[in-house]
Amino acid sequence: MTHSTVPAIATDWLRRPATDVAPDLIGCSLVRRFDDGSLYRGVIVETEAYTPGDPACHAYRRRTARNEVMFGPPGLCYVYLIYGMYHCINVVTNHDTVPSAVLIRALELDRLPPWIDEKQRQKPQRVAAGPGKLCRALQIDRTLNGNRFDVGQPLWLEPRTAAFQQSIVDGSMNLVQTTRIGLTQGVELPWRWYVADCPAVSKRG
DNA sequence: CTCACGATTGGA
DNA sequence: CCAATCGTGAGC
C-alpha cells in the first residue's frame, strides 16, 4: 500500500446553490494549516445556507465592502466579525456574481491545538461546537477573508471519507434539516443541517 | 456622520 | 436573563 493523498474539494463541486452544498458539506473536513506546517482537521457536523433573496443573507440588500467575497467565485472563504468578538467562517458557493455561502457551524476536531485553555479541555467535543467557537479554536479571523480554499493554503476542504459516506447510506448516521439559529429574518427557512445525536453540534443539536 | 445592532457565547 | 465588544451599514 503506497502513500495516498486526499484531494481538496473542487471548485466545480461548490458551483451550486448553497442549499445544495450545505447538506453535502456535512461529513467533509475543514483543514487548517499554520505557517509552521502543523495541520488540524475538523469534520463538519453542522452547516447553514445563505442565498440571494434570503433576508438573513449579508448580501440581501446590496453589495458592500463586507459582503464583497460572497459575490465572488465559489471556493472563496468569507470570514466576518460578529458581536465584536467572534468570527464566523463561510464557504462561498454558486456562480460568480451570485452571492451565496454556507456557514460552518460546528466541527469534530481530530486533536486540540495547544492554545486551547484548560477549561475548554474538560469538554473536548464541545471546543468547536458553534461558529464562533470553531473559529477561535482554529485561529480563523478576517485576515483569511477572501482566501481560496485550496491545499497548501491556510484553509482547505476535503471530501467525506468512505466510512462517513457509508454510515449515511446504511442509515447508522442521520442528517437533520431544520431552521437556522440566531436570526431575526428568514427564520422560517429550513436551511440548517446537522448530524443527529452528535455531541459536537452547537446548541439545539 | 451617527448610532443601533448582529449568522454568538458564557456566565448570573 | 443579560453583558461583552466593535465593525457595519441604514438613515439622517
Side-chain angles (χ1 to χ4, degrees), chain A residues 14 17-26 30 42 44-72 74 76-94 98-109 112-113 115-147 149 155 157 176-195 198-205:
Chain A
L14 297 171
T19 45
D20 289 350
V21 175
D24 288 354
L25 273 177
I26 301 288
L30 176 68
I44 298 169
V45 295
E46 180 181 357
T47 59
E48 285 179 357
Y50 292 85
T51 75
D54 165 15
C57 181
H58 285 171
Y60 181 59
R61 293 174 180 274
R62 64 193 182 88
R63 193 164 176 155
T64 68
R66 179 179 67 158
N67 65 34
E68 179 68 26
V69 313
M70 288 186 83
F71 288 82
L76 295 185
C77 179
Y78 170 46
V79 182
Y80 66 91
L81 179 69
I82 186 70
Y83 293 103
M85 57 181 72
Y86 295 101
H87 294 269
C88 291
I89 183 173
N90 294 253
V91 180
V92 173
T93 74
N94 218 328
V98 181
S100 320
V102 173
L103 172 68
I104 300 177
R105 287 193 54 92
L107 300 173
E108 232 170 40
L109 296 178
L112 298 189
W115 52 82
I116 303 296
D117 65 47
E118 190 182 346
K119 180 164 189 192
Q120 300 275 324
R121 288 175 186 282
Q122 309 294 335
K123 292 185 178 177
Q125 66 283 79
R126 303 293 299 166
V127 164
K133 295 174 75 177
L134 76 88
C135 284
R136 186 181 57 191
L138 295 181
Q139 296 186 345
I140 293 165
D141 62 29
R142 284 177 302 165
T143 63
L144 298 175
N145 187 46
N147 251 244
F149 285 100
L155 291 165
L157 297 162
V176 178
Q177 178 178 5
T178 181
T179 51
R180 298 172 294 181
I181 286 184
L183 308 178
T184 56
Q185 304 198 77
V187 177
E188 70 292 345
L189 296 171
W191 290 351
R192 174 182 178 227
W193 290 264
Y194 64 90
V195 175
C198 175
V201 165
S202 74
K203 59 187 173 184
R204 287 176 258 185

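Naming convention: chains lettered A, B, ... in sequence-line order (proteins, then strands); numbering from 1 in each chain.
When heavy atoms are screened at a 4.0 angstrom cut-off, A:L103 is found touching base atoms of the nucleic acid. The residue A:G84 sits close to a base: some heavy atom pair falls under 4.0 Å. Heavy atoms of A:R63 sit nowhere under 4.0 angstrom from any nucleic acid atom. Contacts of A:K133 with the nucleic acid, taken as non-hydrogen atoms under 4.0 Å apart, involve only primed sugar atoms and P, OP1 or OP2. In this structure, A:R180 reaches neither bases nor backbone, as no heavy-atom distance under 4.0 Å exists between it and the strands shown. If you check every strand for non-hydrogen atoms under 4.0 Å, A:E46 touches nothing. Contacts of A:R192 with the nucleic acid, taken as non-hydrogen atoms under 4.0 Å apart, are absent.
For A:Y83 and B:dT8, the ring-to-base geometry satisfies the stacking test (centroid distance below 5.5 Å, interplanar angle below 30°). In this structure, the aromatic ring of A:Y80 is not positioned over the six-membered ring of the base of B:dA7 within 5.5 Å between centres and 30° between planes.
A:E48 places a side-chain N or O within donor-acceptor distance of the main-chain N or O of A:I181, the cut-off being under 3.5 Å. Judged purely by atom type and a 3.5 angstrom limit, A:D54 uses its side chain to pair as donor or acceptor with the backbone of A:A56. Checking side-chain atoms of A:T19 against main-chain N and O of A:P17 turns up no donor-acceptor pair under 3.5 Å. Of the possible donor and acceptor atoms, none in the side chain of A:W191 sits under 3.5 Å from a partner among the backbone N and O of A:T178. Listed for the A:E108 side chain is no donor-acceptor partner under 3.5 Å among the backbone atoms of A:V45. Between the side chain of A:N67 and the backbone N or O of A:H58, at least one donor-acceptor pair lies under 3.5 Å.
Taking 4.0 angstrom as the limit, A:K203 places none of its side-chain polar atoms (N or O) nearer than this to OP1 or OP2 of B:dA7. For the pair A:Q185 and B:dA7, the criterion of a side-chain N or O lying under 4.0 Å from OP1 or OP2 is not met. An OP1 or OP2 oxygen of B:dG6 is reached within less than 4.0 angstrom by no side-chain nitrogen or oxygen of A:R66. Look at A:R136 and you'll find a side-chain N or O under 4.0 angstrom from OP1 or OP2 of B:dG10. In this structure, A:R105 does not reach the B:dA7 phosphate: none of its side-chain N or O atoms is under 4.0 Å from OP1 or OP2.
In this structure, the nucleotide among B:dT9, C:dA10, C:dG7 sitting nearest to the side chain of A:R62 is C:dA10. Distances were taken from every side-chain heavy atom of A:Y78 (C-beta onward) to each of C:dG7, C:dT5, B:dA7; the shortest belongs to B:dA7. In the set C:dG9, B:dA7, B:dT9, C:dG9 carries the atom at the smallest distance from any side-chain atom of A:N67.
The nearest whole Å value for the distance from the OH atom in A:Y86 to the P atom in C:dC6 is 13 Å. When the C1' atom of B:dG11 is taken as reference, atom NZ of A:K119 falls 8 Å away, rounded to whole Å. Atom CD in A:Q120 sits about 13 Å away from atom C1' in B:dT8, given to the nearest Å. For the pair A:N90 CG and B:dT8 P, the computed distance is 11 Å after rounding to whole Å. Rounded to whole Å, the distance from CD on A:Q122 to P on B:dG11 is 12 Å. When rounded to the nearest whole Å, the span between CD1 of A:I82 and C1' of B:dC5 equals 9 Å. Residue A:R61 contributes atom CZ, which lies 13 Å from atom C1' of B:dG6 at whole-angstrom precision. Rounded to whole angstrom, the span from the CE atom of A:M85 across to the P atom of B:dG10 amounts to 11 Å.
Comparing B:dG11 with C:dG7, their C1' atoms sit 25 Å apart, to the nearest whole Å. Separation of the C1' atoms belonging to C:dA10 and B:dT8 is 23 Å when rounded to the nearest angstrom. Taking the P atom of each, C:dT5 and B:dT2 are spaced 23 Å apart, rounded to whole Å.
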Derivation of the side chain to side chain contact (heavy atoms under 4.5 Å, CB included) call for A:L157 and A:I44: CA-CA 10 Å; A:L157 297 162; A:I44 298 169; 4.1 Å; yes
Is there a side chain to side chain contact (heavy atoms under 4.5 Å, CB included) between A:Y50 and A:L183 once you walk through the steps? CA-CA 12 Å; A:Y50 292 85; A:L183 308 178; 3.6 Å; yes
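A:P99 approaches A:F71 most closely through the heavy-atom pair CG-CE2, 3.6 Å.
Consecutive pairing runs in DNA chain C reach the stem threshold at B:1-6 with C:6-11, B:8-11 with C:1-4, where a stem means at least three Watson-Crick or G-U wobble pairs with distances under 3.5 Å.
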